Amino acid sequence: MDPSWLERPVPRLAPALLGGTVTVRSGEGTVTVRLTEVEAYDGAEDPGSHAFRGRTARNASMFGAAGHLYVYRHLGLHHCVNLVTGRPGEAAAVLLRAGEVVAGRALARERRRRTGVCRTDVDLARGPARLAVALGLDLEDDGAAVLDPAGRVSLLRAQDPPSSVQGPRVGVSGPGGDARLYPWRFWVDAEPSVSAYRPGAPRRPRTAH
DNA sequence: GAAACGATTTGCT
DNA sequence: GCAAATCGTTTCT
């Protein structure tokens, strides 16, 4: 993929990533996820971004070139995966929040079984930490390049990106969570693999029995 | 050094 | 609907 495609302003780029695929090859096998939900984070200018308070050891890969991963550990339990975009030093990134497993389902299920419960295939990569588990990505993949189609991790653009809906980012406190200023979560409408946690939107009630 | 807190998930009520 | 789990990173004294 042409790296310059990733250099446009991240709030405009993020929805264009929907429908694209992320493939990870490992000794265990190959898993591919089609992205259905993402969030944009706009570097030092964005109070919701990890880069807002400048470069640190943890977020160093955000400040690198577009087309690499920024992976971090959250709450001591989970990993979240971002695609670094923009120009070097800009620290813009797109958080990969959810997707649909389109290849390697058996392996994705096995990985999810190791770390948690997974009742249906739709849940395999429904949520940022689940997506990381399904793909087998962790801190080792921080900084990994994704633009080489033959690499261990590779990103492919959607040929025909689906139409998307946007709303407030999840779990961002302070001004960065203000939907009027940063309505930067994008998802494919009516897509079951979009993460369940949606403030302001009704959650599907648990089945009674 | 110490302390607070976080771009979440899960299970129990 | 709510709270626990669990620990690295960052900030403050």
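Any value given below was found using the heavy atoms of this structure, including those in side chains, with hydrogens, waters and symmetry copies removed. Since we're looking at a predicted model, the values are computed, not measured. Residue numbers begin at 1 in each chain, while the letters A, B, ... track the order of the sequences.
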| When you check the phosphate oxygens OP1 and OP2 of B:dA7, does a side-chain N or O of A:H50 lie under 4.0 Å from one of them? | yes
| field | Spacing between A:W187 atom CH2 and B:dA7 atom C1', to the nearest angstrom | value | 15 Å
| CZ/A:R185 to OG/A:S195 distance, rounded to the nearest 0.5 angstrom? | 5.5 Å
| message | Heavy-atom nearest nucleotide on DNA chain B for A:S173 versus A:A129: which residue maps closer to 5'? | response | A:S173
| task | Could you please name the option among C:dA5, B:dA7, C:dT9 that lies closest to any side-chain atom of A:R97? | result | B:dA7
| remark: Applying the 3.5 Å cut-off to both distances, the Watson-Crick or G-U partner of C:dT6 turns out to be none
| remark: A:Y70 has its side chain closest, among B:dT9, B:dA7, B:dT8, to B:dA7
| message | Once you apply a heavy-atom cut-off of 4.0 Å, does A:G48 come out as touching a base, just sugar-phosphate, or nothing? | response | base
| query | A:D123 has an atom CG; how far is it from atom P of B:dT10, in whole Å? | reply | 8 Å
| message | Please check if the number of heavy atoms outside A:R8 that lie under 6.0 Å from its CZ is greater than 12. | response | yes
| request: Check whether any side-chain N or O of A:R185 sits under 4.0 Å from OP1 or OP2 of B:dA7, and answer yes or no. | output: no
| request: Could you tell me whether the phosphate oxygens of B:dT10, OP1 or OP2, come under 4.0 Å of any side-chain nitrogen or oxygen in A:R112? | output: yes
| message | The side chain of A:R58 is closest to which nucleotide in this list: B:dA7, B:dT9, C:dT9? | response | C:dT9
| Which residue lies toward the 5' end of DNA chain C, A:R53 or A:L77, if each is placed at its nearest nucleotide? | A:L77
| request: Let me know the distance between CG of A:L124 and P of B:dT9, rounded to the nearest Å. | output: 13 Å
| remark: Distance col, row A:L155:CG vs A:L6:CG, nearest 0.5 angstrom, shows 7.0 Å
| task | State the pairing partner of B:dA2; accept Watson-Crick or G-U wobble contacts with both distances under 3.5 Å, and report none otherwise. | result | C:dT11
| query | Is the shortest distance from a Lys or Arg side-chain nitrogen in A:E39 or A:R97 to a carboxylate oxygen in the other one below 4.0 Å? | reply | yes
| query | If you take all heavy atoms of A:L18 and A:E37, which pair is closest and at what distance? | reply | CD2-N, 3.5 Å
| message | Strictly below 4.0 Å: does A:R73 bring a side-chain N or O up to OP1 or OP2 of B:dG6? | response | no
